[in-house]
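Everything on this sheet refers to the single structure shown next.
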2 protein chains.
Amino acid sequence: MSDTVRPREEVSIADVAERAGVSVATVSRVLNGHTNVREATREKVRQAVAASGYRINELARNLRTAESRLLLTMVPDFGNPFYAAIVRGIDSVARQNGYFMLLCDTGADPLRERSYFDLLRGRRADGAICLDPAAVQKALAEEASTLPWVACCEFDPSAGVPYVGIDNHLAAGDVVRYLTAKGHRKIALINSGQGYLYGQQRLAGFRDALADAGIEPHPAWLVELDSLDYDAGERAAAQLAALGEARPTAAFAVSDTLAIGVMNGFRGAGYAVPDDVAVVGFDDIAVAAHVDPPLTTVSQPMQLLGETAAGLLLKRLRDPRAEVPGVLLPHRLIQRRSA
Amino acid sequence: MSDTVRPREEVSIADVAERAGVSVATVSRVLNGHTNVREATREKVRQAVAASGYRINELARNLRTAESRLLLTMVPDFGNPFYAAIVRGIDSVARQNGYFMLLCDTGADPLRERSYFDLLRGRRADGAICLDPAAVQKALAEEASTLPWVACCEFDPSAGVPYVGIDNHLAAGDVVRYLTAKGHRKIALINSGQGYLYGQQRLAGFRDALADAGIEPHPAWLVELDSLDYDAGERAAAQLAALGEARPTAAFAVSDTLAIGVMNGFRGAGYAVPDDVAVVGFDDIAVAAHVDPPLTTVSQPMQLLGETAAGLLLKRLRDPRAEVPGVLLPHRLIQRRSA
DNA sequence: TTGAAAGCGCTAACAT
DNA sequence: ATGTTAGCGCTTTCAA
């Protein structure tokens, strides 16, 4: 047992003031680095702080200053590695600006999302970045329109909420053009349901590009899943493989996890990738380069997406009535061996 | 423009009280569901709340009640899918008990970890669960020993901090015994550096089990990485493959990501898995079952790990001087095709 | 340069 | 059943 610094019960600023023989105002000034305190006094206070093991109660400070310097990031499922780099981007600019970024897993559940928004309403966080599906954002957008938040990746352009994302319509078109340039005309789309805006946009981009190439897609080549699981992709591929003659020669999955499942599914059905079927994914998550064959995929500028989102939010926080634009960032098709 | 509910500037409880023609105490009672308020009064208050668009300021409430009902979970890298299920476990029991769980990415950086601990010190969170490497926990354990936190997966048994994890020594031994039972005697360990306790423990378990089997491992078969990347595993395998005659016939990687890299590395060097080399991983992350060949690995009860950690923390919060035990949960070897 | 004192918005003890 | 009031721990005028 040492008798050095050990916090007793709940030391307050008044205790420190008493100990240092000054007023609480002076202690507060020292704590906040105000310059108008004599060096000698400043030192006395420092001593008292150290000796008492005092820690400022930020709850009290926040109540007074009416800000928490906490930012929330809401993701539908942080088990999805896609979000990792985005969140890192958010985190880094938040930290650079003196904010903490805390992550919330909403499970894409509107109720849970709402409960996190309540942290904003209750002034316990200063702002939020929401990556939830557009559909669940929509449920809140109206009542939450006065709250300081921005949308990332998923957004409703008409909601009046600042957002950042990519041009999914264009990206899907790029994939189709890449595939048709390689001679494919029988191209399947493995999509993940319409709750996500990106699903709708990529479907549209897929369709439009196909139409531009004068290709009429077989209805069975449009598969809508309600999952991003490997298994779901695998089942979709099995289903596609069972088409026999009408089997597609290329498959575009809207996520890498799905694409990896698709590759497995085709392999299981006796088809080789890319020789029998080409497979393209989306996102370029870490494992994409390390499956066999390495996955051709669309890469999003994830870090930048996050940084931009955080930037928009901070701007909105600084000036609540500033015009904050929606921004679209460029994607890139990464060619590997699967297509 | 509608003239319905629209929050004016910062409505306070006093505004609501005035509007309802009652005292702030009564409003507070209604807000907190106290029963000793007449139904008619209660209703007046409800009306006033609705009409004013009032939202309680939880910062103020928290200052008063001295609790935030926020729990923090610190992970070294949430890009690592291993943490997903654990965090979900924590989240679910936190929510069941009326707490919010917020996730912090420390990047295994002691400074960042410390800054999150400051949220505890500043009373902005009630408790924390730390999954950071034992080494970085250690740096804080002493000064943070009075703070309400528990360790999960990584822990220092001698630190006096409640913890939950698995028996890594035993698990590594299980892998070795599984491999030797299959006839392997040349077994490599691909480890991830000694900053992590699990690395040390799995190394020890590996060594001990080998010794028990009367096997003396070739020094070159013990490779220590400082990364969990696919690439790192790939390089390690290439290195092992280059050993020629002295090449191991089996490799045990301490994480699935590493193991997947190892498989790629061996494949790249012309060796087939499992025929030329058997590969075993650790964690059983989602993709493990979906690589080719599917990965044999040690599965941790991740959800339960998280639930247990949250349980320990809540117990400690309810009774700060309760004896909170360290607990070890069972693991399981999942046999697939890679070994 | 320093101190006294008024709140920030809420809860809870004490009165009535 | 309801109101009055004293804080929670801090920051920030305003005075000295």
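Lettering follows sequence order; numbering is per chain, from 1.
A nucleotide of DNA chain C counts as in contact with chain B when one of its atoms lies under 4.0 Å from a heavy atom; the first and last such, 5' to 3', are dG9(C) to dA13(C). Nucleotides of DNA chain D lying under 4.0 Å from heavy atoms of chain A occupy a range whose first and last members, 5' to 3', are dG9(D) to dT13(D).
In terms of the salt bridge (charged side-chain N to carboxylate O under 4.0 Å, His left out) criterion, Glu18(B) has no residue partners (sequence neighbours excluded). With sequence neighbours left out, the side chain to side chain contact (heavy atoms under 4.5 Å, CB included) criterion links Ala14(A) to Ser12(A), Val24(A). Shown here are the side chain to side chain contact (heavy atoms under 4.5 Å, CB included) partners of Ala135(B), two or more places apart in sequence or in another chain: there are none. For Glu39(B), the salt bridge (charged side-chain N to carboxylate O under 4.0 Å, His left out) partners at least two apart in sequence or on another chain are Arg42(B), Arg46(B). Partners of Arg69(B) by side-chain hydrogen bond (donor to acceptor under 3.5 Å, both in side chains), not counting sequence neighbours, listed by chain and number: Glu67(B). For Arg64(B), the salt bridge (charged side-chain N to carboxylate O under 4.0 Å, His left out) test picks out no residue, with sequence neighbours left out. Under the rule for a side chain to side chain contact (heavy atoms under 4.5 Å, CB included), the partners of Ala60(B) that lie at least two apart in sequence or sit in another chain are Leu63(A), Asn57(B).
Remark: side-chain polar atoms of Gln137(B) are paired, donor with acceptor, to backbone N or O of Asp132(B) under 3.5 angstrom. Remark: the backbone N or O of Tyr198(A) is paired with a side-chain donor or acceptor of Glu154(A) at under 3.5 angstrom.
An end-to-end axis angle of 40° holds for the helix from dT1(C)-dA16(D) to dT16(C)-dA1(D), taken from five base pairs per end and rounded to 10°.
A salt bridge does not link Arg19(A) to Asp15(A): none of the charged side-chain nitrogens sits closer than 4.0 Å to a carboxylate oxygen. A salt bridge does not link Asp126(A) with Arg316(A): none of the charged nitrogens is closer than 4.0 Å to a carboxylate oxygen.
Residues Ile56(A) and Arg64(B) each lie close to DNA chain D; by heavy-atom proximity, the contact nearer the 5' end of the strand is made by Arg64(B).
Within residues 21-39 of chain B, the residues that have a heavy atom under 4.0 Å from DNA chain C are, in order of number, Ala25(B), Ser28(B), Arg29(B), Asn32(B).
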When the side chains of residues 115-122 of chain A are checked against the rest of the protein, which donor-acceptor pairs come out under 3.5 Å, sequence neighbours left out?
unit_1    : atom_1 : unit_2    : atom_2 : d
Ser115(A) : OG     : Arg112(A) : O      : 2.8
Asp118(A) : OD1    : Arg121(A) : NH1    : 2.5
Arg121(A) : NH2    : Glu143(A) : OE1    : 3.1

